[in-house]
Amino acid sequence: MVIAIDGPAGAGKSTVARGVAAELGFTYLDSGAMYRCVALTCLEWGADPTASGEATSTAESIEIGFEDGEVLIDGVPVTDEIRTPEVTEAASQVSIHPGVRAAMVAEQQRLIATGPYVTEGRDIGTVVAPDSPLKIFLTASPEARAERRAAETGQDVAEVLAAQQERDRSDSEREHGALYAADDAITIDSTGMTADQVVAEIAGLARERGLA
Ligand code: DC
């Protein structure tokens, strides 16, 4: 069973999903980290992240793991390496390929079938788990999102905002796994809200629905 939290970059999905998982005793799954692992491996192997065949065979060749807060590729921790601006850009590129998405979606479905999960991404409520009993579409203003990302990475806000606009466009317009709110999703705009407030709201909804 999965509580699905989808939304654009910088809306606060990871902090909130982690918080909800801790509050309810569920396992947290960061689906974006999986696309980042494919992207990092492409860059390391010299595969072209924009080429469907190369990115798909890379996705199919690696084993992605999550252990004690670390992200692993074939058993090797890559938690920090997958957060660089180069990997962020390549992750957006690999995520448009249907073969890459099929491999990631299958792995996500396998994981969430094993117990109660809080999973965040772009297509969790629409593609990965359309039968999720609680779907949240978490968003915030573009400026608030860019400010949060810049504070995390130490980059310039204007630079982050420009790159973010491009990724938002690509995430929303791509043919496969495009970002949109599921019909039965509850939209939460986190602009001006603290992460704790958002966590409390989602945990409250989960309890109301008898999920925890
Ligand atoms: O959430 P994030 O920034 O770590 O995601 C990295 C990239 O992966 C981003 O370009 C969107 C993409 N992604 C996706 O296509 N589907 C998901 N379920 C999660 C992330």
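For this chain, numbers begin at 1 and follow the sequence in order. For ligands, and for the atoms within them, numbers begin at 1 and follow the listed sequence.
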Closest contact, heavy atoms only, Phe66 versus Ala33: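 The answer is CE2-CB, 4.1 Å.
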
Validation row: Thr126, Tyr180 side chains within 4.5 angstrom (heavy atoms):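 When only atoms from C-beta onward are counted, Tyr180 and Thr126 do touch, with a gap below 4.5 Å.
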
Val2 side chain near Val118 side chain, heavy-atom distance below 4.5 Å: no

Report the nearest protein non-hydrogen atom to [atom]: residue, atom name, distance rounded to 0.1 Å.
| atom | answer |
| --- | --- |
| atom 7 (C) of ligand 1 | Ala91 CB, 3.8 Å |
| atom 10 (O) of ligand 1 | Ser92 CA, 3.3 Å |
| atom 8 (O) of ligand 1 | Tyr35 CB, 3.5 Å |
| atom 4 (O) of ligand 1 | Arg36 NE, 2.7 Å |
| atom 20 (C) of ligand 1 | Gly32 CA, 3.5 Å |

Where does [X] meet ligand 1, judged by heavy-atom distances below 4.0 Å: at the side chain, the backbone, both, or neither?
| X | value |
| --- | --- |
| Asp6 | neither |
| Ser95 | side chain |
| Arg101 | side chain |

Exercise: do Gln93 and Thr50 side chains pair donor with acceptor under 3.5 Å: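 No, no side-chain donor-acceptor pair sits under 3.5 Å.
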
Flag for Arg174-Ser95: side-chain donor and acceptor within less than 3.5 Å: yes

Asp171, Asp168, Asp6 screened by salt bridge (Lys or Arg N to Asp or Glu O under 4.0 Å) with Arg122, the one that passes: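 Result for salt bridge (Lys or Arg N to Asp or Glu O under 4.0 Å) with Arg122: Asp171.
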
So for ligand 1, is [X] a polar contact partner (N or O within less than 3.5 Å, distance only)?
| X | value |
| --- | --- |
| Arg122 | yes |
| Ser31 | yes |
| Asp123 | yes |

Arg174 to ligand 1, any heavy atom closer than 4.0 Å: yes

Option passing side-chain hydrogen bond (donor to acceptor under 3.5 Å, both in side chains) with Ser190 (candidates Arg145, Lys13, Arg148): Arg148

Atom CD of Glu89 with >12 non-hydrogen neighbours under 6.0 angstrom: no

